[in-house]
Every structure is written in C-alpha cells, then in structure tokens.
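Note that these values count all heavy atoms, side chains included, but never hydrogens, waters or copies made by symmetry. To find a chain, count down the sequence lines: A is the first, B the second, and so on, and within it residues start at 1.
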Amino acid sequence: MTTTPQAVRRASARKRRPATPAAPDPSAHLLPRTEPVRLLNPDGTPLPPRDDYPEPPVEALREMYRRMVVGRRFDAQATALTKQGRLAVYPSSRGQEACQVGAVLALRDDDWVFPTYRESVALTARGIDPVEVLTLLRGDWHCGYDPAARRTAPQCTPLATQCVHAAGLAYGESYQGRDTVALAFIGDGATSEGDFHEGVNFAAVFKAPVVYLVQNNKYAISVPLSRQTAAPALAYKGVGYGVPSEQVDGNDPVAVLAVLTRAVAHARAGHGPFLVEAHTYRMEPHTNADDATRYRDADEVEAWGERDPVVRLETYLRARDVLDDAAVAAIGEEAEAYAAALRERMNTQPTVDPLSLFDHVYAEPTPQLAEQRELVRAELAAEQEGSA
Amino acid sequence: MTTTPQAVRRASARKRRPATPAAPDPSAHLLPRTEPVRLLNPDGTPLPPRDDYPEPPVEALREMYRRMVVGRRFDAQATALTKQGRLAVYPSSRGQEACQVGAVLALRDDDWVFPTYRESVALTARGIDPVEVLTLLRGDWHCGYDPAARRTAPQCTPLATQCVHAAGLAYGESYQGRDTVALAFIGDGATSEGDFHEGVNFAAVFKAPVVYLVQNNKYAISVPLSRQTAAPALAYKGVGYGVPSEQVDGNDPVAVLAVLTRAVAHARAGHGPFLVEAHTYRMEPHTNADDATRYRDADEVEAWGERDPVVRLETYLRARDVLDDAAVAAIGEEAEAYAAALRERMNTQPTVDPLSLFDHVYAEPTPQLAEQRELVRAELAAEQEGSA
Amino acid sequence: MATMTMAKALNAALADAMLADDRVLVFGEDVGQLGGVFRITDGLQARFGDKRCFDTPLAEAGIVGFAVGLAMSGLRPVVEMQFDAFAYPAFEQIASHVAKLRNRTRGALSVPIVIRVPYAGGIGGVEHHCDSSEAYYAHTPGLKVVTPATVEDAYSLLREAIDDPDPVVFMEPKKLYFASAEAELPARKEPFGRAVVRRAGTDATLVAYGPAVPVALAAAEAAGEEGWDLEVVDLRTVVPFDDATVAASVRRTGRCVVIQEAQGFAGVGAEIAARVQERCFHALHAPVLRVSGLDIPYPAPMLEHTHLPSVDRVLDTVARLQWDDQPDARWVAA
Amino acid sequence: MATMTMAKALNAALADAMLADDRVLVFGEDVGQLGGVFRITDGLQARFGDKRCFDTPLAEAGIVGFAVGLAMSGLRPVVEMQFDAFAYPAFEQIASHVAKLRNRTRGALSVPIVIRVPYAGGIGGVEHHCDSSEAYYAHTPGLKVVTPATVEDAYSLLREAIDDPDPVVFMEPKKLYFASAEAELPARKEPFGRAVVRRAGTDATLVAYGPAVPVALAAAEAAGEEGWDLEVVDLRTVVPFDDATVAASVRRTGRCVVIQEAQGFAGVGAEIAARVQERCFHALHAPVLRVSGLDIPYPAPMLEHTHLPSVDRVLDTVARLQWDDQPDARWVAA
Ligand SMILES: Cc1ncc(C[n+]2csc(CCOP(=O)(O)OP(=O)(O)O)c2C)c(N)n1
Ligand SMILES: Cc1ncc(C[n+]2csc(CCOP(=O)(O)OP(=O)(O)O)c2C)c(N)n1
Ligand SMILES: [Mg+2]
Ligand SMILES: [Mg+2]
C-alpha cells in the first residue's frame with residue numbers, strides 16, 4: 001500500500017519538530033461533536049443532564065408533544081387525502097416531527113422559516129391553516145398562505161435554493177435593525193447542491209443570523225447518504241464556511257429543542273449562522289407516488305420505528321408526570337378534531353378563477369398578457385354559452 | 001454577552017459526562033495542519049527537514065527553477081505584448097510560479113491538467129507552445145492547443161466549472177483502467193462558486209483521482225479573501241467532503257513540490273481527491289486591464305515581493321551548490337531566447353479564415369449553418385470584388 | 001408489433017445503446033436502483049451493473065459537468081435531469097461548456113453527451129415540474145434539441161442521440177410517457193433534422209413538436225368536421241430544423257399554424273413562424289399564427305388546462321386564417 | 001446639457017436612486033472599492049458607505065438568491081452580474097424564483113430586484129464575455145427585460161427599473177458604455193413598454209434594440225445614399241413589448257427588417273418577426289427579414305466582426321425586401 005499523507009501525518013505527529021510549536025487549532029470551535037447530541041435514550045428514559053445543552057423547560061416539551069401529535073395526525077390525514085385524489089401529491093413528515101416542531105418552538109413568531117416541500121408539519125405547528133399548507137399539494141395554487149404575514153417563505157421545491165434566500169432575508173432584517181432569525185430547512189440530499197454552499201457561505205461572510213437545519217433522513221428519494229457525501233457527517237460542512245455546527249439525534253425531541261434553542265440564540269446574538277444536522281428518518285416513501293420498497297428494507301424502517309420521536313417524548317413526559325392518560329387522550333382528541341375539520345374542508349373541490357392566472361405575473365399585466373387574458377375570457381364565455 | 005454554544009462547549013469540555021467516552025474524531029485525518037507547510041524560509045535558507053514532507057530530489061528542484069525562470073520571462077513578455085496591442089488581455093502568473101510549475105512537475109505527462117485563464121506559466125512549463133497558450137488571449141481562437149493531445153483542458157474562464165470536469169475526467173480514466181491523475185487549478189475567489197462544491201463532492205463520492213490546487217493569491221480581482229469566506233483557511237473546506245487537505249506556503253517552491261507530489265501520489269494510489277491550498281500572491285494586477293492600486297497598497301505588494309519564489313529557490317540551490325553563476329546565466333539566456341522567439345512569432349498578426357467559424361459548431365454543419373456560411377461567403381466575395 | 005408505452009421504448013433504447021456500446025454510461029438522480037422517477041432507466045442497473053448505470057450526488061451542474069469530464073475521457077454519458085426546471089442549475093455547464101467545447105477547441109474535443117429532460121405538463125404536476133424549456137437550449141448554438149412525439153420515434157431518436165457526435169438535449173414529453181402505441185423495436189426512423197408529415201391535408205399546415213403533436217392531430221381530426229383538411233408536421237428535431245419539409249407543406253397549403261406548449265414569447269414557435277413567413281411569403285393567404293402556452297409561469301394543476309394549447313384553441317386559431325380573405329379584425333382596429 | 005458616456009449616465013442613475021431611496025442596495029462582484037470592472041458603480045461605496053454598496057463572495061446564484069432574501073425583507077437590491085455568461089450560474093434562481101415569486105404567492109411577495117447584465121460584444125472580449133443572453137430572460141414570464149441604446153435612456157430606464165415593482169433584467173450593451181452623447185440628467189424618458197422611433201422614414205422599418213440600434217441608424221443613413229428612406233424603431237424594453245409602435249411603423253412603411261446582435265434561432269428577433277407578420281400581414285410588401293448574429297458560439301475577438309450584424313449586412317437584407325415585387329430567389333428555388 002502506498003503511504004498516504006494522512007498515514008504519514010499520523011505516524012509523524014509525535015515526531016514534529018520542536019521548532020514549530022503546535023499552533024492552536026483554528027477549527028476547534030467550529031467542529032461538531034463527533035456524536036449527535038442526545039438527551040433521551042431511544043426508549044424515552046433520560047440520559048444524565050449535561051451543562052452544554054440544558055434541558056428545555058417542561059412546558060415547552062409538553063407543547064412540543066402536543067404539536068407533534070397534532071402534526072402526525074395531520075400528516076396521516078394528508079396521506080389519506082392523496083388516496084382519495086384530493087391532493088396531487090404529498091411528501092410525508094412522518095418520523096421527522098421532532099425536527100419540524102422543534103424548529104418552530106425554538107423560534108419566535110416574528111422569526112422567518114424557509115421550508116421545503118417536506119415541512120408540512122412544521123408549517124401546521126407554526127399555526128398556518130392546514131388547508132393553506134396543502135394548497136401547493138392540492139394544486140389550486142403554488143402557495144396557499146401569505147408568506148409575509150406568516151413570516152414563512154413558500155414551500156421550496158428547487159432544492160437548496162432557499163439556503164441563499166434565508167441568508168439574504170436574515171441579513172436584510174439585521175441591516176434594518178431587527179433581531180429576526182431565519183431558519184432554513186434542508187434535506188441531506190440537497191446539501192450536495194451548489195446553492196447550499198453559496199447560501200451558507202453568504203450567511204457566514206455577512207454574519208447573517210441563520211440557522212441551517214439539515215434533516216438527514218438518510219435518503220434523497222432513493223439515494224442513500226453514502227452516495228451523497230464522503231464526509232464524516234454533514235455537520236462537518238460547517239467548518240469550511242467558518243460556521244459552527246452540531247449533530248443531534250433528530251428523533252430525540254428534547255435534544256432537538258435544546259440544540260436548536262442554542263443555535264437560534266447564537267444567531268440572534270449576532271454570532272452569525274449555525275449549522276445543525278439532525279439524524280432522523282423518513283418513515284413513509286418520498287411521496288405517495290414513490291415506491292420505497294425498491295430501495296430500502298422493511299427491517300431498516302422497522303428499526304427506525306422503534307426510535308419514534310412521538311412515543312419517546314410521551315414516555316419521557318409521562319415518567320416526569322407531565323402527561324397522564326387524560327392529557328394524552330385530550331391531545332389525541334384535539335388531533336382527531338383537527339384532522340376531521342381538515343378532511344371536511346378538503347372534501348370540496350376548490351374553485352379557482354382561470355382569469356386569475358393573469359393577475360400576478362407582474363404588478364400590472366403587460367399588453368401581451370392583457371391580450372391573452374382577453375383570449376381566455378372569450379373562450380370561457382363561449383364555453384359557457386355552449387353549455388348554457 | 002450571550003453565551004454561545006462554543007463558549008459553553010469550551011467551558012464544559014472537561015466536565016463531559018464520563019458516561020460518554022470521547023469517540024475518536026472522524027475528521028482528524030481530514031483536517032489540514034493549522035499552519036502552511038514550509039521547507040524554506042522566505043530568505044531561501046532551509047528549515048529543518050521533516051518526515052511527513054521529505055524534500056524533493058535536487059534535480060527536480062533545479063528543473064523547477066529553470067521552468068520558473070523561463071515562465072517568469074514568458075510572463076513578462078506576455079505583459080509587454082499587451083502594451084503593444086498584440087494580446088487582447090493577459091492575466092499574469094507573476095508571483096505564482098512555484099505553484100504553477102510545481103503542479104506540472106508533480107504530474108506525469110499523461111496526467112491531465114485543468115487550468116484557468118491564469119495558468120499560462122503552468123502551460124508553458126508543460127511544454128505547450130507559448131503561442132498556443134496565448135491564442136485565447138490574442139483572440140484568434142478560444143483555445144490554441146489540442147487539449148486531448150496535451151492532456152490539458154482549455155483554459156477555463158467560467159469560474160470553478162473545471163472542478164467538475166476534472167472529477168469526471170479522472171473518474172472516467174480510472175473507470176477505463178488507467179491510473180491518470182487530474183489536477184484542477186482554482187483561485188481563492190472561485191471556491192465560493194457552487195461548482196467548486198459540486199466538483200469536489202463528486203470527486204470524493206466517486207473517489208476520483210483529482211488534486212484540487214487552490215492558489216490563494218488573496219484577491220479575486222479586487223475582492224480580498226475576508227469577503228470570500230469566514231473559514232479559518234480554504235483548506236478547511238476539504239473536511240466537509242471527506243477530502244484530506246493541506247496548506248502550503250505557495251511561494252516556497254520546495255514545499256509546494258513536496259506537498260503536491262504527495263497529493264498526486266495519494267490520488268494515484270486510489271485514495272480519492274486531495275485538496276491543497278497554496279498561499280501565494282498575484283504580483284501584477286488581475287489583468288493588464290485592471291488597476292490594482294484601487295484596492296491594495298504598494299506596501300503589501302512590496303512585502304510579498306520579498307518572498308519571491310524564484311529568488312528563494314535560487315538562493316537555496318546556490319547554497320546547496322546546485323546552481324552557480326554560470327548555470328543561472330545559462331538559464332537566464334534560455335529564458336531570453338524563449339521570450340525573443342515568442343516576441344518574434346507574435347509580431348505578425350495571424351490570419352483566421354472567417355469561414356472557419358462554421359466548421360466546429362457541430363461535427364457537420366446544420367442546414368441553417370450551411371445557409372449562413374453561404375451568406376458570409378458571398379459577403380466576403382463581394383468585399384474582395386469591391387476591393388479588387 | 002407490440003403495444004408499448006413511450007417510457008418502455010425509451011428504456012429499450014437505453015438498454016440497446018448500452019448493449020451496443022460499452023462506453024455508454026447512464027447516470028443521474030435516482031436512475032439506479034429506483035429506475036428513475038418515471039422508470040425510464042428501470043432495470044438498467046440490475047442488467048448492466050452499477051458502474052454502467054448509477055446514482056450521483058444531488059447536483060445538476062455536477063451531473064452535467066461530470067459528464068463533460070467523462071466525455072473527455074472517451075466515454076458516452078447519457079444523463080437524466082429529473083424534471084425540466086431542475087436542469088436550470090446546470091445551465092452554465094450546458095451553455096458555456098457542453099454547447100461550446102467542440103467549437104472552442106476547433107474540434108479537438110467533442111462532448112457527445114445526451115441530456116435527457118422530462119419536460120412540459122399535462123400530468124398535474126406541481127410548480128417547477130412542468131416547464132417547457134426547449135427554447136433555452138434551441139437558442140444555444142452547439143446543442144441539438146430533439147423531442148419525440150411517438151413511441152417509435154422515442155426509441156429511434158434516443159438511439160440517434162446517443163450515437164450522435166454532438167451533445168443532444170433530449171426532451172421527453174412527460175404526458176406522453178405512458179401513452180401506448182403499436183411499435184416494432186428496434187425501430188430506426190428518419191435521422192436527425194428530418195421532420196415528418198404525420199397527417200396529410202390540403203387547407204392548412206399545423207407545425208408541432210413533442211407534446212403538441214397529439215394536440216395538432218386531434219385538432220386536425222376535429223377540423224375535418226368543420227370542413228378543413230389540415231396537414232400536420234411533426235418536427236422531431238428542433239435543432240437542426242427541417243426547413244424543407246415545413247416550407248414545402250406550407251407552400252402546398254398556403255396557411256400555417258404553429259403549436260407549442262411552451263410560453264410563446266421568444267420561443268421555438270416564434271422561430272418557426274419567422275422562418276415560414278420568410279420562406280413562404282408568396283404562398284401565404286394569411287399570416288402564420290401561433291398557439292402556445294400563455295406567457296405566465298406554469299400554473300398549478302387545477303389551472304393547467306387553461307394554459308395548455310387545446311384542440312379548441314387550435315381550431316379557433318385555424319378559423320382566424322382569413323378563409324374569407326379578410327384581414328384579421330384584431331389588428332385592423334389597432 | 002453635457003457630454004457624457006453611457007457608463008457615467010448609469011453611474012448617475014444608481015447614485016440618484018440610492019439618494020432617493022434608502023432601501024436601494026448595490027452589490028455584486030468587485031462593485032465596491034473597485035467600482036466594477038466597467039466602473040459603473042464607481043464612487044458609490046465611498047459616497048454611500050460599504051453597507052449600501054458592497055462586494056459579495058464570488059457566486060452568482062448566491063448574489064441573486066441573496067437579493068431575493070433582501071427583497072423579502074423589504075429592500076431594493078440592484079445587483080451586477082460581471083458579464084453576460086457569468087449570469088448563467090444564477091439561472092435557476094432567476095427562472096425559478098425571481099421570475100415567479102410574485103405569481104407563486106398571488107402577489108403577497110414581490111421581488112423588485114434589478115439584475116444588471118453587461119452584455120453583447122464588439123469590445124474584443126474573449127469567450128464567455130460577449131454573449132447576448134436577452135432571449136433567455138425574455139422567454140421567462142415574470143421578468144421584465146430592458147436594454148438602453150442611448151445615454152439618456154440608460155439613465156432613464158435604470159431609474160425606471162429600480163422604481164419598478166417587478167424584477168427587471170437590465171441589459172447594458174458593453175460596446176456603448178464609453179460612447180458619449182449630449183445628455184441632460186436627470187432625464188426621465190418614456191416609461192417601460194414604450195418603443196421610440198429614432199429616425200423617421202417611409203420605405204421600410206428597421207426594428208432594433210440595445211447594441212443593434214446604432215447599427216440600424218448607421219444603416220439607415222447609408223441607405224439614404226441608395227435611395228431608401230428607412231425608419232428606425234428602438235424597442236427600449238423587450239418585455240413588455242410595444243406592439244403598437246412597431247406595428248404602426250410597419251403598416252406605414254410596408255417593409256420590415258429586425259436587427260439583433262444575438263444568435264438568431266429562437267431569439268427575440270424571431271418573436272418580433274412573428275408578431276409583425278401577424279399584425280401587419282396586409283400591409284407587408286415583403287416578408288419580415290432578420291439580421292442577427294450567426295448561430296454559432298460567440299467568436300474570438302479577431303472574428304467577431306464577421307459575426308456581428310454590420311451596416312452592409314443590414315443593407316443587403318434591405319435589398320432583399322422585394323422592391324421589384326419579385327419573390328426572394330433564395331426560397332423560390334427551394
Ligand atoms: C434542483 C432540484 N433537483 C431535483 C429535484 C427533485 N427532487 C425533489 S426531492 C428530491 C430528493 C431530496 O432529498 P433530500 O434533500 O434528502 O430531502 P428529503 O426529500 O429527504 O426531505 C429530489 C431529487 C428538485 N426538487 N430540485
Ligand atoms: C462564473 C464567473 N463569474 C465571474 C467571472 C469574472 N471573473 C473572472 S476572474 C475573477 C476573479 C477570480 O478570482 P480567483 O478565483 O481568486 O482567481 P484569480 O484571478 O485570483 O487567479 C472574476 C470575478 C468569471 N470568469 N466566471
Ligand atoms: Mg433526505
Ligand atoms: Mg485570487
């Protein structure tokens with residue numbers, strides 16, 4: 001075997017010439033811990049507390065549990081709606097609720113969220129009307145909510161592009177004297193895109209208050225992480241931008257909220273961006289249209305099922321006497337009511353005025369669009385006449 | 001001040017719970033040394049030898065010196081040719097000769113080089129006809145040499161795009177059972193481009209034998225490195241791709257050759273890509289069209305002049321009795337002859353057949369191009385008639 | 001003869017090309033074990049191994065740039081962009097390298113890459129999944145731009161594209177993937193640059209390509225009932241363009257409507273109209289008219305039928321071809 | 001009235017816009033201390049501070065995406081792409097976000113960004129520095145595409161662009177940067193969407209924009225000697241397009257030549273020709289002809305004059321406008 005520079009380096013590390021005293025490692029404060037932060041065992045029993053990541057207040061955890069349960073029920077309802085043909089497509093959040101709800105709880109209401117298509121549960125947890133969350137996926141328009149009012153960018157499909165927007169928004173807010181933080185969601189696969197690189201780098205150079213939350217759910221559609229990167233972990237990408245980072249067990253709700261709370265505080269305090277890699281798993285196929293059996297084993301899915309974040313948090317909160325049967329039942333009922341209301345409202349086909357197609361291409365339609373609008377108007381009138 | 005996660009981490013590093021024994025750091029073998037590798041002092045006196053980077057054979061260093069001297073003379077000649085209007089534009093290599101010649105000497109002739117517009121001295125050092133090197137910059141065609149024959153991609157202007165090509169080429173070669181290495185040059189500024197990220201990542205995932213050589217000459221046209229990145233150094237970008245990296249004093253020819261030799265060996269041995277950041281300086285403006293006084297001090301330029309790589313190597317080789325006055329004079333004469341021949345050949349305006357514009361758009365011209373060719377042919381015929 | 005879908009024909013073309021030439025590598029996002037989100041590469045990894053058909057990191061500039069490097073090493077990459085709008089990150093690699101490398105090097109380097117792009121709408125896809133992006137490529141010298149409208153052509157043109165010495169952007173109309181037809185493979189049809197008259201007619205010529213061809217054919221059928229006998233020309237290759245076939249048809253019929261699904265402004269249909277009116281000026285009884293997508297971002301699924309060229313819209317346009325020799329009222333007023 | 005260059009007028013427009021509106025931020029590569037490689041942003045950093053005018057990391061998708069975020073926070077970013085081909089890395093951000101955000105959000109978000117793109121050739125630039133990329137943007141609904149041809153228009157249109165509620169791709173013809181003219185600033189001329197007749201004439205209309213306008217004017221001068229009185233229309237804004245002015249001119253003159261520097265196939269000139277022949281069919285004595293760049297990658301400096309539309313090529317084309325009422329021989333044979 002050829003000796004590689006690293007082999008040599010390791011071998012010679014001790015023999016280093018005394019003439020060159022070892023400089024302090026300038027990357028030390030940037031590297032993530034080698035292991036994901038974890039505060040609960042997979043079975044929900046607590047690990048010993050740690051100074052660096054104190055446990056969040058128990059009321060926050062209880063609220064987290066509530067939103068996760070409602071979110072999961074919402075998610076199941078959305079998946080059911082695809083089967084009834086009420087949604088064009090639905091990418092499920094199931095299994096990732098700790099990340100999505102944790103992100104929302106770590107933020108203030110006036111902070112900004114930059115979601116991808118996968119973040120439906122984050123958006124409902126933010127209080128956005130579930131029908132508005134599903135507008136994109138039902139197919140009546142591209143974005144159902146008012147992003148400015150909800151401080152939430154449109155669900156982003158072109159992968160990683162939102163990483164740059166978040167940097168710009170966050171810098172723009174601080175430029176205008178506001179202490180807003182932006183949190184950008186991104187998947188493991190999308191970290192390979194150039195826009196991830198450019199976004200995190202811009203945020204770092206401009207010290208923009210952004211938290212990048214990588215939900216490493218192990219797959220990009222069918223492609224496993226091993227085809228995506230040779231890095232020890234995705235969190236290690238931070239150091240190349242001068243951005244501190246951390247790994248967290250993404251199915252440990254307590255750890256997720258603890259780590260994200262710190263990351264948000266870091267950003268808000270003016271220290272620039274922070275990168276969090278949450279190790280989690282997508283329990284469902286990529287979307288309802290996907291066939292996940294083509295690329296992963298039932299065993300693997302089952303193993304991750306045993307680390308379910310909702311069950312884990314419930315176990316923990318019950319053990320701490322924060323939840324009892326009654327409370328769990330009440331939250332379950334709330335979730336059922338939420339789903340029922342959604343089901344009901346999604347039961348009718350929305351009507352969308354075809355002429356609205358011309359309303360928002362520009363602030364004012366161009367003469368060309370006005371002409372095309374007239375064409376469509378005449379067609380619709382003729383159709384109506386025809387059917388009248 | 002708000003406590004940042006790092007502050008906490010540093011404070012609590014000792015208090016870590018014994019329950020979690022420190023895992024071995026999976027990034028240790030990937031991180032560069034905190035200081036650039038250096039084997040010669042700026043004044044050309046040697047530093048103590050080191051095991052990890054043994055000094056290259058003295059004949060190689062002598063050859064390096066020769067090519068650097070010829071390269072520098074070539075570079076000065078090219079700059080002079082811009083003043084005479086013989087070149088459309090010229091981006092000088094002056095000050096970066098150690099990097100450019102070192103890269104060439106670390107490679108075999110059948111390895112591939114992926115240069116940018118700045119690598120004229122690397123290309124002449126590779127033995128490419130200097131007139132062919134200057135074709136792009138004189139403006140008679142986009143690339144003067146045959147890339148396939150010279151194993152050298154066309155000088156690349158769209159920044160960082162060559163990083164991906166190098167990954168593909170290197171993987172393709174190894175796929176076909178050849179042990180070719182590809183070396184891609186890139187500037188400090190261009191590391192901010194998405195294609196740098198995608199290229200290094202592809203190389204890492206496919207274990208492609210590529211050496212990425214970042215010539216960090218401190219500026220991207222006028223923009224200093226501090227506006228480009230917040231990383232401790234550009235070499236730290238490697239870890240995010242699982243790519244080992246090293247920093248080197250790019251004006252220390254001995255260190256550059258030593259580090260690149262190892263990097264090439266690493267790639268050739270099948271260990272995948274390697275990233276080298278060479279700290280150097282562009283002594284001239286970005287191109288002859290640039291006014292560098294707008295963005296940097298004479299002091300700074302002068303300070304770097306004192307670390308001149310050619311002088312440094314000469315001093316060292318003289319001290320080692322590898323060079324004497326006669327040898328230096330002979331090489332100087334060779335360089336003068338090289339420049340004189342170039343001057344002479346560049347003195348005549350080349351003629352380029354306008355109809356050749358249609359020859360290489362496709363393997364065969366489309367009917368549309370054939371029509372346009374006919375139009376131009378008729379115009380040229382009419383012109384000639386007119387002037388006859 | 002067997003009934004098969006265009007998806008299957010494309011899959012067969014890839015397999016046959018890989019069989020015929022070791023240098024052909026197929027890669028992209030999810031093309032390996034999954035067989036592509038549209039299953040166009042289904043089974044190729046199992047059959048040819050994961051060195052011939054493989055997944056890459058999720059980065060389109062990376063995919064195309066990697067293909068450039070592989071082509072430089074003598075291989076023949078066939079890459080898949082997962083959807084039309086997801087090829088945009090690769091735009092610089094395509095426009096500045098793929099399209100130009102042969103030219104830049106006076107032919108010393110060629111990059112015979114095939115970039116497969118599932119494109120256009122009609123499948124209820126959400127935003128960014130339905131763009132008709134052919135004009136961006138057709139406007140870029142050095143690229144060939146090809147789009148099949150029939151099952152046999154899908155096979156034939158893809159084989160042709162892979163064999164071609166130049167880079168080809170191969171645009172696959174998504175809505176036709178699972179339409180099936182009788183086909184006998186391996187079918188090798190007309191070469192690049194040859195348009196085909198899919199339906200002969202005497203009164204006017206409908207020029208279409210890709211997803212617009214079935215619309216044109218349906219409109220021609222329906223027009224029969226209104227007493228118009230329409231000819232339908234399927235371009236097959238947008239670049240190179242078959243001026244001869246198109247102009248011959250229009251000179252015969254004297255009237256022409258160009259149909260494309262993409263937004264109209266500065267699209268391929270504009271080029272066709274401009275060429276036809278130049279070449280057939282004295283044969284034309286009416287201006288060349290266009291039916292295209294609206295000049296709006298591709299709409300959400302529930303509104304896409306308003307956007308897409310429909311049979312009715314084509315017929316309305318045919319009706320405006322000044323059959324009564326009267327100028328178009330719309331422009332006389334203006 | 002003072003004599004000034006287009007570069008200076010653009011610089012003044014930026015300064016006046018920054019003065020008028022605090023929310024205007026100017027950024028990009030080398031626009032700060034250096035003042036831009038063409039010095040269009042010269043002095044802005046010194047005058048307004050390095051928070052209002054600043055350099056970014058070298059990444060065009062980053063620059064445009066950052067502008068999107070800034071616009072979402074209520075600011076008005078004006079970004080510089082250093083050269084035409086170096087905007088391609090930003091293509092996805094431009095096509096999938098900048099162009100679509102207003103539409104996607106039913107108007108809840110607007111992104112009033114100005115993307116300045118020095119474009120086209122004629123300055124002896126090496127490859128990738130001379131592309132005419134306007135058609136890529138003009139074909140993308142949601143973008144406005146503007147290009148000045150005169151010094152006063154450079155000022156006026158840039159102020160208009162910065163004030164506009166929609167994203168504007170502002171294409172600056174490099175070869176006109178240092179041409180000077182009498183101008184009185186602040187000049188506010190016709191608004192977006194208004195073309196201007198730069199020279200009145202009766203025999204034929206030359207339609208041009210950006211760098212082709214001076215060529216059209218020179219050709220019109222030269223044509224006078226050959227007995228043709230040509231009208232020249234300067235589009236100013238490609239999107240929105242001024243159908244009314246163009247059609248009115250062609251209806252008056254009965255003949256039309258469209259001139260653009262970009263490669264022809266599926267370019268803006270094709271759109272203009274298609275529109276004009278549709279709207280002016282009965283007024284036309286000859287087909288609408290086009291003079292454009294060749295369908296080749298932009299050539300090296302020594303050959304660019306062969307590529308560029310020249311006065312002679314325009315005159316040759318005008319000569320083919322069937323003045324003798326004979327069909328064009330080129331197409332009769334075919
Ligand atoms: C630029 C771009 N390329 C390709 C796609 C198609 N696509 C949608 S989701 C997806 C996988 C993303 O994986 P990951 O980032 O891990 O996110 P996850 O879906 O697992 O949450 C792909 C390839 C896209 N949306 N955008
Ligand atoms: C994609 C792209 N954007 C912008 C440019 C214009 N440009 C040419 S060189 C340069 C600076 C590059 O700096 P660096 O990477 O440090 O290389 P150096 O010139 O210092 O060798 C810029 C901005 C380009 N060539 N390509
Ligand atoms: Mg994933
Ligand atoms: Mg540099």
Side-chain angles (χ1 to χ4, degrees), chain A residues 88-89 117 135-143 154 156-161 187-196 220-224 227-229 286 289-292 294-295 349-358 360-361 366 368-369 371-376 378-380 382-383, chain C residues 27-39 42 50 54-63 65 82-83 85-86 88-90 92-93 123-129 263-265 291-307 310 312-313 316-317 320 330 334:
Chain A
V89 64
Y117 50 87
T135 299
L136 168 72
L137 306 161
R138 174 158 71 171
D140 38 323
W141 202 269
H142 310 297
C143 178
C156 188
T157 299
L159 295 168
T161 54
D188 48 313
T191 61
S192 296
E193 292 278 7
D195 276 22
F196 168 78
I221 308 189
S222 71
V223 182
R227 301 291 302 174
Q228 214 60 251
T229 184
H286 176 68
D290 179 36
D291 174 6
R294 285 195 166 227
Y295 55 84
Q349 192 74 351
T351 53
V352 212
D353 178 6
L355 291 179
S356 69
L357 284 176
F358 301 96
H360 308 294
V361 184
T366 61
Q368 287 70 41
L369 279 177
E371 234 172 53
Q372 293 174 25
R373 186 179 197 283
E374 178 50 29
L375 173 94
V376 170
E379 281 180 4
L380 294 171
E383 259 173 50
Chain C
F27 56 95
E29 295 160 8
D30 303 293
V31 300
Q33 207 161 336
L34 186 66
V37 294
F38 292 106
R39 302 290 185 270
D42 197 22
D50 64 3
F54 54 88
D55 293 327
T56 65
L58 215 176
E60 293 77 12
I63 293 169
Q82 200 160 80
F83 285 85
F86 308 145
Y88 299 159
E92 180 187 36
Q93 285 286 353
I123 59 160
V126 299
E127 58 168 1
H128 310 296
H129 289 78
Q263 61 276 15
F265 201 89
V291 178
S292 69
L294 306 168
D295 285 311
I296 61 174
Y298 198 90
M302 289 192 191
L303 291 178
E304 69 175 341
H305 64 277
T306 304
H307 175 69
S310 63
D312 278 350
R313 205 170 282 167
D316 287 351
T317 308
R320 289 203 293 110
R330 306 211 302 180

According to side chain to side chain contact (heavy atoms under 4.5 Å, CB included), who are the partners of A:Arg373, at least two apart in sequence or on a separate chain?
A:Leu355, A:Phe358, A:Asp359
Checking heavy atoms, do the side chain of [X], its backbone, both or neither come under 4.5 Å from chain C?
{"X": "A:Ala190", "answer": "backbone"}
{"X": "A:Val352", "answer": "both"}
{"X": "A:Leu136", "answer": "both"}

About how many Å separate [atom2] of [Y] and [atom1] of [X], when rounded to the nearest 0.5 Å?
{"X": "C:Glu29", "Y": "A:Ile221", "atom1": "CD", "atom2": "CD1", "result": "7.5 Å"}
{"X": "A:Leu375", "Y": "C:Leu294", "atom1": "CG", "atom2": "CG", "result": "7.5 Å"}
{"X": "A:Thr157", "Y": "C:His128", "atom1": "OG1", "atom2": "NE2", "result": "5.0 Å"}
{"X": "A:Trp141", "Y": "C:Glu127", "atom1": "CH2", "atom2": "CD", "result": "11.0 Å"}

Residue pair A:Glu371, C:Asp295: steps toward the side-chain contact (heavy atoms from CB on, under 4.5 Å) verdict
CA-CA 11 Å; A:Glu371 234 172 53; C:Asp295 285 311; over 6 Å; no
Just by modelled atom types, is the [Y] backbone N or O under 3.5 Å from a matching donor or acceptor in the [X] side chain?
{"X": "C:Asp30", "Y": "A:Ser222", "result": "yes"}
{"X": "A:Arg227", "Y": "C:Thr56", "result": "no"}
{"X": "A:Glu379", "Y": "C:Arg313", "result": "no"}
{"X": "A:Gln228", "Y": "C:Leu58", "result": "yes"}

Partner chain A: residue of C:Asp55, C:Thr306, C:Leu303 with the largest heavy-atom pair count (under 4.5 Å)
C:Leu303
Heavy-atom cut-off 4.5 Å, strictly under: side chain, backbone, both or neither for [X] against chain A?
{"X": "C:His129", "result": "side chain"}
{"X": "C:Glu60", "result": "both"}
{"X": "C:Gln263", "result": "neither"}
{"X": "C:Asp312", "result": "neither"}

Output all residues satisfying side chain to side chain donor-acceptor pair (under 3.5 Å) with A:Thr229, sequence neighbours left out; order by chain, then residue number.
none
Tell me which of these, A:Thr161, A:Leu159, A:Asp140, has more heavy-atom pairs under 4.5 Å with chain C than the rest.
A:Asp140
Below 4.5 Å, heavy-atom pairs only: which of A:Val223, A:Asp291, A:Thr366 has the largest tally toward chain C?
A:Val223
Between C:Ala300 and A:His142 the two heavy atoms that sit nearest each other are N-CE1, 3.3 Å
Between C:Ala59 and A:Ser192, the two heavy atoms sitting closest are CB-O, 3.4 Å
Taking it one step at a time, do A:Arg294 and C:Arg39 satisfy side-chain contact (heavy atoms from CB on, under 4.5 Å)?
CA-CA 11 Å; A:Arg294 285 195 166 227; C:Arg39 302 290 185 270; 3.3 Å; yes
